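As structure tokens, the structure follows; a few thoughts come after it.
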Amino acid sequence: MKTELEQAITASVKELFGLDVSVELTRPEEQFGDYATNVALQLSKQAGKNPREVAEGLAVRIRDSLAEKVASVSVAGPGFLNLTLTESALLAAAKADLPKPLTGQKWVLEYSDPNPFKPLHAGHLYTTLVGDTISRLVERAGAETIRINYGGDVGLHVGRSMWGIVNNLGGELPEKLANIPEAERPSWMGARYVEGTTADEDGRTTHDEVIAMNKRVYQVHADNDHESPFAQIYWTCRQWSYDYFPELYKQLKVKQFDRYIPESEITPPGIQAVTEQLAKGVYEESDGAVVFKGEPYGLHTRVFINGHGLPTYEAKEVGLILTKWRDYQFDRSIIITANEIEQYMAVVYKSIEQFEPELVNRSAHLVHGLVKLQGGIKMSSRKGNIITALDILQAARDAGAETGTNPSEETILAAVKYAFAKNRIGGDIAYDPKESVALEGNSGPYLQYAHARARSILAKAGEQAGAELTGLEPDERSLLRKVTEYTEVVERATNELMPHHICTYLYELAQKFNQFYEHNRVIGSGEREAPRLTLVRHYADTLRNGLELLGIAAPERM
RNA sequence: GCUCCCGUAGCUCAGUGGAUUAGAGUGUCUGGCUUCGAACCAGAAGGUCGUAGGUUCAAAUCCUGCCGGGAGUACCA
């Protein structure tokens with residue numbers, strides 16, 4: 001509806017003034033109408049008339065040409081045009097399906113990215129939920145989505161974990177791993193990582209041992225060693241992690257990943273590409289390392305291959321990006337990570353731009369902030385005092401239990417997902433266990449409850465379907481107007497890859513309904529009952545659709 | 001030092017060129033359940049939109065300086 005009106009008004013401007021502008025409609029306060037545009041203010045200079053004059057001229061034109069859709073047009077303030085839709089146009093907008101502008105496109109989305117051998121901390125939970133929601137958005141818009149999960153199965157943290165594991169087993173004794181119950185594997189490995197890290201940071205002797213472990217892990221990969229006791233431990237524990245991740249995602253009710261790419265897999269192509277481009281002058285040698293000089297582009301210089309000939313994160317990232325490009329030839333590639341990586345990712349992309357510019361054109365790096373505790377303490381898995389993803393869920397359960405409402409697991413997930421999703425992506429989010437899971441106010445549970453209330457009305461009324469919604473009363477129209485905004489909100493959230501717009505909207509929608517519901521009966525309202533049931537159904541369907549886009553369940557009752 | 005991000009009500013955040021009164025939630029105070037689910041609704045109080053300039057018919061929103069917070073700043077990721 002919005003787009004149609006915009007095009008029609010753009011055409012009117014062209015006819016009346018001979019000027020090319022792209023008219024954009026906004027949603028004004030309800031008292032002013034359903035749509036508004038400030039195009040007259042923009043045009044007044046070019047048209048050589050005062051803005052109100054321009055607006056009046058356009059108003060006449062719109063009344064004439066859009067009479068079926070627009071019930072009234074008024075000029076307000078300095079020259080705003082306010083449009084009010086006809087009842088039939090409003091109803092048509094409420095019934096309209098969401099458009100699928102990304103149909104035919106292939107999007108590769110990388111997010112979550114937990115490391116094997118390490119526990120998932122609160123930040124992983126955040127990045128996982130953000131990525132899941134964004135991937136749902138683009139999938140809903142018609143794109144083919146490929147969800148990629150990248151993780152470090154080699155590197156210092158693995159050296160530390162292996163030290164902790166070997167130490168705990170009392171030697172390189174892979175057979176003893178069988179003693180660890182399956183259910184305890186993730187927490188057992190998490191504990192070994194903490195031991196390795198703590199020991200590493202405490203003593204020089206241990207540090208040398210950890211470094212040696214790290215090198216042996218690389219050697220396991222180089223030799224494709226699956227036989228030695230050390231290698232058996234490594235592969236077994238790595239697999240434990242890869243078994244655990246899908247289980248966790250299932251528990252979180254997020255979409256499963258299409259592919260896990262371990263660091264070890266993309267390291268060789270990364271080294272190869274950097275070496276090739278070194279010969280072509282994209283990268284250069286400096287102090288024995290291979291670097292990309294970022295300064296000409298306003299960036300930093302970063303090391304891609306270090307003085308020992310080992311690839312750094314940057315070279316690996318080159319390998320990862322090229323692998324995705326080679327395997328998928330995507331239309332868009334999105335990487336979602338915490339913002340501490342932002343600046344060196346810019347260097348990585350700038351370097352790739354020198355030899356694969358089209359790939360870079362199609363790529364974007366989305367960053368979010370950190371999950372912080374009260375008091376601004378950064379969460380880290382490097383120290384012992386980690387807050388894991390599961391701790392967050394447990395905190396939500398505990399807080400939920402305190403409310404005395406016995407929230408279901410579905411509602412706990414809704415609370416956590418919504419608390420993370422409602423903020424604009426980019427800044428840090430503060431995590432207060434009590435507040436973030438509060439089952440009232442602008443929260444996931446509020447929306448679930450609002451939905452369940454509406455469904456309960458429909459259930460009580462039985463399945464009397466589809467009465468026409470005509471003769472709208474003011475409160476009814478107000479609610480229906482809000483429902484029609486949904487399409488535009490989803491469109492905006494998708495264009496900007498900003499799911500929080502949907503949260504803001506759904507909360508406003510639910511409030512609108514609760515207000516309606518407070519003042520108007522549905523069942524037993526005589527001749528309004530049938531049309532009001534249709535209105536409630538529109539509302540409930542919209543709310544459910546929005547919640548599901550956010551990965552939040554919309555139960556019929558709770 | 002340099003680069004990037006951020007600074008809106010006590011707290012957590014929307015709003016990022018347009019509408020007399022800058023919006024929510026939470027917290028504080030007040031009112032509303034014999035009536036379709038009160039996890040709700042209605043109302044009050046609470047803001048120099050960090051700060052000083054600039055651009056514009058119009059700035060919380062764009063530009064510049066400054067102040068404050070965070071991140072990065074070559075062989076960790």
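Below, all heavy atoms of this structure are taken into account, side chains as well, without hydrogens, waters or symmetry copies. First the proteins, then the strands, lettered A, B, ... as listed; each starts at 1. Predicted model, so just to flag it, every value in this text is computed and none were measured.
Applying the 4.0 Å criterion to OP1 and OP2 of B/U73, one finds that A/Gln343 has every side-chain N and O outside that range. For A/Tyr446, no side-chain nitrogen or oxygen approaches OP1 or OP2 of B/G37 to under 4.0 Å. At the phosphate of B/A77, neither OP1 nor OP2 sits under 4.0 Å from any side-chain N or O atom of A/Tyr313. For B/C41, the OP1/OP2 oxygens have a side-chain nitrogen or oxygen of A/Asn514 closer than 4.0 Å. The phosphate of B/G15 (OP1 or OP2) has a side-chain N or O of A/Arg424 nearer than 4.0 angstrom. At B/G37, one or more side-chain N or O atoms of A/Ser456 fall inside 4.0 Å of OP1 or OP2 (strictly under the cut-off). Contact annotation: A/Lys118 side-chain N/O to B/A77 OP1/OP2 distance is not under 4.0 Å. Of the side-chain N and O atoms in A/Arg492, one or more sit less than 4.0 angstrom from OP1 or OP2 of B/U16. In terms of phosphate contacts, A/Gln515 brings no side-chain nitrogen or oxygen within less than 4.0 Å of OP1 or OP2 of B/C40.
Across all strands, A/Lys316 comes closer than 4.0 Å only to sugar-phosphate atoms, never to a base (heavy-atom distances). Among the protein residues, A/Thr26 comes within range of no part of the nucleic acid, since none of its heavy atoms lies under 4.0 Å from any strand. Residue contacts shown for A/Asp287 include a base, since a base heavy atom lies under 4.0 Å away. Within 4.0 Å (heavy atoms only), A/Ala452 reaches at least one base atom of the nucleic acid. Residue contacts shown for A/Gly307 include a base, since a base heavy atom lies under 4.0 Å away. Using a 4.0 Å heavy-atom distance criterion, A/Asn520 is classed as a base contact. Heavy atoms of A/Asn442 sit under 4.0 angstrom from primed sugar atoms or phosphate atoms, though from no base atom. Using a 4.0 Å heavy-atom cutoff across all strands shown, A/Asn82 reaches at least one base atom of the nucleic acid. Looking at heavy-atom distances under 4.0 Å, A/Arg557 makes contact with a base. Contact annotation for A/Ala36: base contact, defined as any heavy-atom pair under 4.0 Å involving a base atom. Base engagement by A/Leu41 is indicated by at least one non-hydrogen atom pair under 4.0 Å involving a base atom. Counting non-hydrogen atoms under 4.0 angstrom, A/Asn38 reaches a base of the nucleic acid. Nucleic acid contact for A/Gln448: none, since no nucleic acid atom lies under 4.0 Å from a heavy atom of the residue. Residue contacts shown for A/Phe304 are absent, as no nucleic acid heavy atom lies under 4.0 Å away.
Both A/Gln31 and A/Gly152 sit near RNA chain B, but only A/Gln31 has its closest nucleotide nearer the 5' end. For A/His308 and A/Gly427, each mapped to the nucleotide of RNA chain B holding its nearest heavy atom, the one lying further toward the 5' end belongs to A/Gly427.
Taking 3.5 Å as the limit, the base of B/A74 and the side chain of A/Thr312 contain no donor-acceptor pair of atoms between them. For A/Tyr344 and B/A77, a side-chain-to-base donor-acceptor distance below 3.5 Å is present, hydrogens and geometry of angles not being considered.
Across B/U20 and B/C66, the matching C1' atoms stand 34 Å from one another, rounded to whole Å. Separating the P atom of B/G50 from that of B/G43 is a span of 29 Å, rounded to the nearest Å. Look at the C1' atom in both B/U48 and B/A9: the space between them is 13 Å, to the nearest Å. B/G23 and B/G32 are spaced 25 Å apart, taking the C1' atom of each and rounding to whole Å. Between the P atoms of B/U21 and B/C62, the separation comes to 24 Å (whole Å). Remark: the separation of the P atoms in B/U8 and B/U51 is 10 Å, to the nearest Å. For the P atoms, the distance linking B/A59 with B/A52 amounts to 16 Å, nearest Å. Nucleotides B/C41 and B/G25 place their C1' atoms 15 Å apart, quoted to the nearest Å.
The CE atom of A/Met558 sits 11 Å away from the P atom of B/C40 (whole-angstrom rounding). What separates CD1 of A/Ile341 from C1' of B/C5 is a distance of 15 Å, to the nearest Å. The separation between A/Phe513 atom CZ and B/G37 atom P is 10 Å, rounded to whole Å. In this structure, the NE2 atom of A/His368 is 21 Å from the P atom of B/C4, given to the nearest Å. Distance, A/Met345 CE to B/C5 C1': 17 Å, rounded to whole Å. Between A/Arg453 atom CZ and B/A38 atom P there is a gap of 5 Å when expressed in whole angstrom units. Whole-Å rounding puts the A/Phe516 CZ to B/A42 P distance at 14 Å. In this structure, CG of A/Leu479 is placed 14 Å from P of B/C41, rounded to the nearest angstrom.
When distances are taken from the side chain of A/Asn423 to each of B/A14, B/A74, B/A19, the shortest belongs to B/A14. The nucleotide whose nearest atom lies closest to any side-chain atom of A/His300 is, among B/G72, B/C41, B/A19, B/G72. Looking at the side chain of A/Val303, the nearest of the listed nucleotides B/C13, B/C75, B/A77 is B/C75. Of the candidates B/A74, B/G25, B/G37, the closest approach to any side-chain atom of A/Tyr449 belongs to B/G37. Each of B/C76, B/U35, B/C4 was ranked by its minimum atom distance to the side chain of A/Glu342; first place goes to B/C4. Nearest to the side chain of A/Ile523, among B/A19, B/C41, B/C36, sits B/C36.
Ring to ring, A/Tyr344 and A/Tyr313 are close: their centroids are under 6.0 angstrom apart.
Of the residues in residues 497-504 of chain A, those placing a heavy atom less than 4.0 Å from an atom of RNA chain B are A/His500, A/His501, A/Thr504, in numerical order.
A/Asn514 and A/Arg453 are linked by a side-chain donor-acceptor pair at a separation below 3.5 angstrom, with hydrogens and angles left out of the test. Side-chain atoms of A/Gln42 and A/Asn38 form a donor-acceptor pair, as typed in the model, at a separation below 3.5 Å. A donor-acceptor contact under 3.5 angstrom links the side chains of A/Ser351 and A/Tyr283, judged on distance only. Looking only at atom types and distance, the side chain of A/Tyr234 has a donor-acceptor partner in the side chain of A/His221 under 3.5 Å away. Using modelled atom types and a 3.5 Å distance limit, the side chains of A/Asn423 and A/Tyr126 yield no donor-acceptor pair.
Ring geometry, A/His124 versus A/His121: the interplanar angle falls from 30° to 60°, so the pair is classed tilted.
Using a 4.5 Å heavy-atom threshold, the side chains of A/Val347 and A/Tyr297 count as separate. In this structure, A/Arg537 and A/Leu533 have side chains that are not in contact, with every pair of non-hydrogen atoms separated by 4.5 Å or more.
The environment of A/Glu527 atom CD is sparse: at most 12 non-hydrogen atoms of other residues, nucleotides or ligands sit within 6.0 angstrom.
Note on residues 298-314 of chain A: pairs passing salt bridge (Lys or Arg N to Asp or Glu O under 4.0 Å), not counting sequence neighbours, are A/Arg302-A/Glu314.
With sequence neighbours excluded, the residues satisfying salt bridge (charged side-chain N to carboxylate O under 4.0 Å, His left out) with A/Arg532 are A/Glu473, A/Glu476.
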